[in-house]
Every structure is written in C-alpha cells, then in structure tokens.
J.: 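Just passing along the structure, written as structure tokens.
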Amino acid sequence: MYRVAVIGGDGIGPEVVREALKVVAAAGVALETVDYDLGAQRYVRTGEVLPDGVLEELRGVDAILLGAVGPAIGSTDVPPGVLERGLLLRLRFSLDLYINLRPFNGAPGSLASGADLVVVRENTEGPYAGEGGQLRRNTPHEVATQGSVNTRFGVERCVRFAFALAAGRPRRHLTLVHKTNVLTFSGDLWQRTFEEVAAEHSGVTTAYNHVDAASIYLATDAGRYDVIVTDNLFGDILTDLAGAVTGGIGLAASANLNPERTGPSLFEPVHGAAHDIVGTGKANPLAAIRSAQMMLEHLGEAEAAARVLKAVLEVQDAVAAGGDWNTQAIGDAVAERL
Ligand code: IPM
Ligand code: MN
C-alpha cells in the first residue's frame with residue numbers, strides 16, 4: 001500500500017486524475033490517497049500557494065500525482081509566476097526532482113507516427129533557477145537579467161541519468177541538445193560533461209544537435225531520436241513540440257524524479273488546466289494515465305506498470321483511429337484492458 005498525495009488542481013486536472021486513479025486501481029495496485037487542495041482556486045480563495053506545512057507533509061508521502069494547475073486564459077486572478085514559481089518550481093526544487101522525464105510514442109497518423117523517444121530534461125537549473133533581477137523598473141532605463149545557472153553537479157547528475165536510461169533501451173542512443181555555438185559557457189560545460197560520461201558508456205552511441213536543428217528534426221524525422229538529454233528551458237520547449245508531433249499534448253506524460261529517493265517524486269501530464277473544455281469530456285486522460293504509469297514504475301510496481309503501458313499505447317492507437325471517445329470512455333478503455 002502506497003501513500004500518494006493527489007493534487008487534482010484546476011480546470012481539467014481533477015477529471016484526468018480521476019481516470020488515472022481508476023486505471024491504477026484496475027491494475028491491482030492499492031493506493032492510500034490524500035487529496036491536497038492546491039492551485040489557482042485555492043490561491044484565489046485564501047491567497048495561499050504552497051504553505052510550508054503542506055510542503056512538509058508532502059515530503060512524507062511515497063509519490064505525488066498532479067493533474068494541472070492554473071487559472072483560465074485571460075483571467076487576471078493569478079499573476080504570472082505565482083503558481084509556476086510558487087507551486088510547481090518550488091516542489092521541483094525543494095524535493096530535488098532533478099530529472100523531468102518525458103516519453104513520447106508517436107500515434108498513428110501523427111507527424112511522428114511510430115517514433116519512440118524519451119526526453120531527459122534537467123529540472124532544477126538553467127534559466128528556471130531564478131538568477132537575475134530587475135533594476136530601474138518602470139523607467140526608460142530599466143534592466144532585466146535572467147541568467148541560466150548550470151553547475152557541474154547538476155549537469156553531471158542529469159547526464160548520468162540519461163546515459164543509464166539509454167543503456168537500458170534497445171537502441172542505446174543518446175543525443176545531447178544544446179546551443180553550444182552561441183551559449184559557449186554553459187554549452188561547453190554540458191558538452192564536456194557529456195563527453196566525459198560518454199567515455200564510461202561504450203555501449204551507448206551518442207550524437208549532438210543544436211536546439212534549433214533539433215526542432216526541425218523533431219518535426220520532420222523524430223524517429224531518429226531514442227533518448228535526448230537537454231537543459232531545463234530547451235527541454236520545456238522541445239517537449240511541447242515533441243507532444244505536438246507525436247499526437248498532441250493530451251498524450252504527453254511526465255515524471256519529475258528524485259532518483260536518489262530522498263523524498264517523493266511527482267508525476268503530472270505536460271498539459272495545463274484547459275478551462276475551456278472543463279466538463280465537456282474532451283480532455284484526453286492518457287497523459288495523466290501514462291504519468292500514473294510512470295509513478296507505478298518508480299514505486300517498483302514493474303509488472304503493473306508494464307501492463308498499464310501496453311494498455312495505454314493500445315488505447316492511444318484506438319483513439320487515433322477515430323470513433324466516439326470522451327475522457328471517461330478513454331479511462332474505461334485502458335482499465336478494461338487490464
Ligand atoms: C511544464 C510547464 C512548466 C514548466 C510551467 C507551468 C512552470 O510548462 O511542465 O512543461 O515550464 O516547466
Ligand atoms: Mn512546458
């Protein structure tokens with residue numbers, strides 16, 4: 001029995017999380033779930049984003065499953081950054097979730113049909129770290145800097161994770177994505193670290209792509225990729241693109257991992273709260289279900305995780321083939337296959 005904190009969140013978050021929990025139950029894994037009310041609604045109601053006491057409680061669970069957080073597009077209820085930095089990034093940084101793992105299997109009919117790739121996104125550094133600031137704000141001479149933080153420690157642990165992952169996959173191929181021709185300081189650190197760790201992994205073939213070129217390859221030839229390792233911001237952008245070309249963001253799952261297991265890891269679909277489709281049944285729960293599948297894998301439920309993954313990919317194909325689907329029907333279809 002695992003203790004799982006469930007943050008349904010806003011918009012379609014609770015709808016897709018419900019299907020994910022249904023599938024976990026159908027896979028025969030017993031969870032003791034604890035619901036946490038966090039996100040835009042809570043912020044608007046109470047002004048709280050992530051109270052210290054809640055963060056401390058979250059440290060004690062086995063895993064965290066999150067739906068989506070965020071206000072409706074166009075609403076001014078929550079200033080930009082409040083939930084992103086105050087909730088999501090605070091969880092990633094405080095729980096040391098230094099890997100953001102995002103798998104993609106190109107659905108039939110998508111631009112990247114048949115592709116099978118995983119992005120290992122560094123999740124605690126880069127421009128997300130919060131370095132920088134503003135001077136002379138609201139004057140004609142204002143200045144804003146937002147530096148990209150890259151530490152040998154942070155880059156190396158991410159690169160090592162990616163090599164270990166690639167070594168365990170059939171193709172054993174790892175591509176570093178960066179912009180070493182322009183970002184010569186951080187790019188040099190990434191490239192040297194990558195090459196040093198590569199020397200310890202003779203079984204893994206390697207490649208390097210600049211991030212702009214990688215965007216072309218993802219759109220035109222995603223099948224070339226097996227595992228991609230990249231920094232936090234490039235990883236953010238490339239994984240939306242990877243989602244778009246492999247069948248849509250409704251399929252894109254993620255695991256925010258603390259590989260050292262000094263605390264819980266967090267599992268969430270890549271998509272947002274999509275307030276415009278709440279209650280319509282249009283939300284695709286496959287991203288949330290696959291995120292829960294990664295949670296099972298992380299918890300050590302390898303056999304259940306394998307069954308859920310097989311079912312998710314089958315249903316992904318079935319949905320791509322057309323027909324009359326809705327949120328609940330997709331969840332049911334995955335559950336029935338278990
Ligand atoms: C994601 C999201 C987040 C990110 C935001 C909401 C902080 O876009 O998980 O990809 O930029 O990492
Ligand atoms: Mn993103």
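Just follow the structure's listing: the first ligand is 1, and inside any ligand the first atom is 1.
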J.: Hey, is Asp52 close enough to Arg90 for a salt bridge, meaning N to O under 4.0 Å?
T.: yes

J.: Looking at ligand 1, does any of its N/O atoms fall within less than 3.5 Å of an N/O of Asp236?
T.: yes

J.: For atom 3 (C) of ligand 1, what's the nearest protein heavy-atom neighbour? Residue, atom name and distance, please.
T.: Arg92 NH2, 3.9 Å

J.: Determine which of the N, O or S atoms in Asp236 is closest to the Mn ion (ligand 2) and give its atom name.
T.: OD1

J.: If you count the atoms of ligand 1 from 1 in the order shown, which ones are under 4.0 Å from a heavy atom of Glu84?
T.: 6 (C), 7 (C)

J.: Hey, is ligand 1 close enough to Glu268 that some N/O pair sits below 3.5 Å?
T.: no

J.: Angle class for the Phe267/His298 ring planes (parallel below 30°, perpendicular above 60°, tilted otherwise)?
T.: tilted

J.: Consider salt bridge (charged side-chain N to carboxylate O under 4.0 Å, His left out). Of Glu260, Glu122, Glu200, which one does Arg160 pass it with?
T.: Glu200

J.: How does Arg85 reach ligand 1, by side chain, by backbone, by both or by neither, if only non-hydrogen atoms under 4.0 Å count?
T.: neither

J.: Can you list the ligand 1 atoms lying under 4.0 Å from a non-hydrogen atom of Leu88?
T.: 6 (C)

J.: In ligand 1, which numbered atoms sit nearer than 4.0 Å to a non-hydrogen atom of Arg121?
T.: 1 (C), 4 (C), 10 (O), 11 (O), 12 (O)

J.: Checking salt bridge (charged side-chain N to carboxylate O under 4.0 Å, His left out) against Arg92, which of Glu268, Glu84, Glu125 comes through?
T.: Glu268

J.: If the threshold is 4.0 Å, N to carboxylate O, is there a salt bridge linking Arg121 and Asp236?
T.: yes

J.: For atom 11 (O) of ligand 1, find the nearest protein heavy atom and state the residue, atom name and distance (0.1 Å precision).
T.: Tyr128 OH, 2.6 Å

J.: Inspect the contact between Arg137 and Glu142 and indicate whether a charged nitrogen and a carboxylate oxygen are less than 4.0 angstrom apart.
T.: no

J.: Does Asp37 come within less than 4.0 Å of Arg45, counting only side-chain N to carboxylate O?
T.: yes

J.: Answer with yes or no whether Arg102 contacts ligand 1, where contact means a heavy atom under 4.0 Å from a ligand atom.
T.: yes

